Amino acid sequence: DVQLQASGGGLVQAGGSLRLSCVASGFTFDDYAIAWFRQADGKEREGISCISTRASRPYYTDSVKGRFTISSDNAKNTVYLQMNSLKPEDTAVYYCAAVVRPKEPPIIIITTGEFDPNRLDAWGQGTQVTVSS
């Protein structure tokens, strides 16, 4: 079975940085998409980034463009989310999700994860990011 483990969250001051990791297991890490979502208290889940082996470039939601960078290390079965210039409004639980052999582009995977998350193949447990003023 496909499993994901998210880690790297913590408490950081506004303007600081964190790097989240998503370690995948249960599938060959050469044909996949990994997406990051977040959910703040009282808010709906929001898709923020997605990287796919079948896409020429990753997806970023507008609120994180220029601040967050998604990357992968296939030898380690890991996808990272580097978060710079963090703002208090970035405070949320961050989740990674996987699609094996994706047929849809990153933006559609993000929409699917927001609207019908069970259609994605796996979700990690989440990691808390708290940004103080």
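All figures in this text were calculated on a predicted structure; none of them were measured in a lab.
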- Query: Under the side chain to side chain contact (heavy atoms under 4.5 Å, CB included) criterion, do Thr127 and Leu20 qualify, and how do the steps go?
  - Reply: CA-CA 8 Å; Thr127 184; Leu20 307 184; 4.0 Å; yes
- Closest heavy-atom pair, Gly47 versus Thr61, reported as atoms and distance to 0.1 Å, is O-CB, 3.6 Å
- Item | Heavy-atom pair of closest approach, residues Ala14 and Ser133 | CB-CA, 4.4 Å
- Message: Under a 3.5 Å threshold, yes or no: a donor from one side chain and an acceptor from the other, between Gln39 and Glu46?
- Response: no
- With rounding to the nearest 0.5 Å, note down the distance linking CG in Asn84 to CZ in Phe68. 8.5 Å
- Item | Inter-residue atom distance Ile110.CD1 - Cys50.SG, 0.5 Å rounding | 5.0 Å
- Task: I would like to know whether Asn77 and Tyr32 meet side-chain hydrogen bond (donor to acceptor under 3.5 Å, both in side chains); could you show each step before the answer?
- Result: CA-CA 11 Å; Asn77 285 16; Tyr32 67 88; over 6 Å; no
- Item | Spacing of Ser71 atom OG and Gln82 atom CD [to the nearest 0.5 Å] | 8.0 Å
- Message: Would a single hydrophobic cluster contain both Val93 and Trp36, if residues Ile, Leu, Val, Met, Phe, Trp and Tyr are joined by side-chain heavy-atom contacts under 4.5 Å?
- Response: no
- Query: Side chains of Tyr80 and Ser72: does their closest heavy-atom pair fall under 4.5 Å?
  - Reply: no
- One should read off an interatomic distance between Ser21 OG and Leu18 CG, to the nearest 0.5 angstrom, of 11.0 Å
- State the OG1-CZ distance between Thr53 and Arg101, to the nearest 0.5 angstrom. 11.0 Å
- Query: Taking C-beta and beyond as the side chain, do Thr69 and Leu81 meet within less than 4.5 Å on heavy atoms?
  - Reply: no
- Message: Tell me if the CG atom of Asp41 is crowded by more than 12 foreign heavy atoms within 6.0 Å.
- Response: no
- Query: Got a donor-acceptor contact below 3.5 angstrom from the Gln13 side chain to the Ser132 backbone?
  - Reply: no
- Interatomic spacing from CZ in Arg19 to OG in Ser7 - rounded to 0.5 Å: 9.5 Å
- Message: Main chain of Ala33, side chain of Ser52: is a donor-acceptor contact present, judged purely on distance under 3.5 Å?
- Response: no
- Query: For the side chain of Arg45 and the backbone of Gly113, is there at least one donor-acceptor N/O pair under 3.5 Å apart?
  - Reply: yes
- Ile34 versus Cys96, closest heavy-atom pair with distance: CG2-CB, 4.3 Å
- Donor-acceptor contact present, side-chain Asp121 to main-chain Val100, <3.5 Å: yes
- Item | Pair Cys22-Gln5, side chain to side chain contact (heavy atoms under 4.5 Å, CB included): steps then yes or no | CA-CA 5 Å; Cys22 178; Gln5 183 78 258; over 6 Å; no
- Can you list the residues that meet the ring pair (Phe, Tyr, Trp, His ring centres under 6.0 Å) rule with Phe27, with sequence neighbours excluded? Phe29
- Task: With sequence neighbours excluded, give me every ring-ring contact (aromatic ring centres under 6.0 Å, His included) pair touching residues 114-133.
- Result: Phe37-Trp123
- Message: I'd like to know if the side chain of Tyr60 reaches the main chain of Ile70, judged simply by a donor and an acceptor atom lying under 3.5 Å from each other, with no hydrogens or angles considered.
- Response: yes
- Task: Please list all pairs passing the side-chain hydrogen bond (donor to acceptor under 3.5 Å, both in side chains) test where one or both residues lie in residues 87-98, with sequence neighbours left out.
- Result: Arg38-Asp90, Arg38-Tyr94, Arg67-Asp90
- Neighbour count >12 (heavy atoms, 6.0 Å) for atom CD1, Ile107: no
- Message: Contact between Pro102 and Ile109 at the side-chain level, heavy atoms closer than 4.5 Å - yes or no?
- Response: yes
- Message: Hydrophobic clusters here meaning ILVMFWY residues chained together by side-chain heavy-atom distances under 4.5 Å, can you tell me if Val64 and Val129 are in one?
- Response: yes
- Message: Before you tell me yes or no, could you show the steps for Thr112 and Leu120 under side chain to side chain contact (heavy atoms under 4.5 Å, CB included), namely the whole-Å CA-CA distance, both residues' side-chain angles and the distance that decides it to 0.1 Å?
- Response: CA-CA 7 Å; Thr112 301; Leu120 305 188; 4.0 Å; yes
- For residues Asp73 and Thr78, is any side-chain donor paired with an opposing acceptor at under 3.5 Å? no
- Correct closest heavy-atom pair for Ala24 and Leu4 would be CB-CD2, 3.5 Å
- Flag if over 12 foreign heavy atoms under 6.0 Å of CZ, Arg54: yes
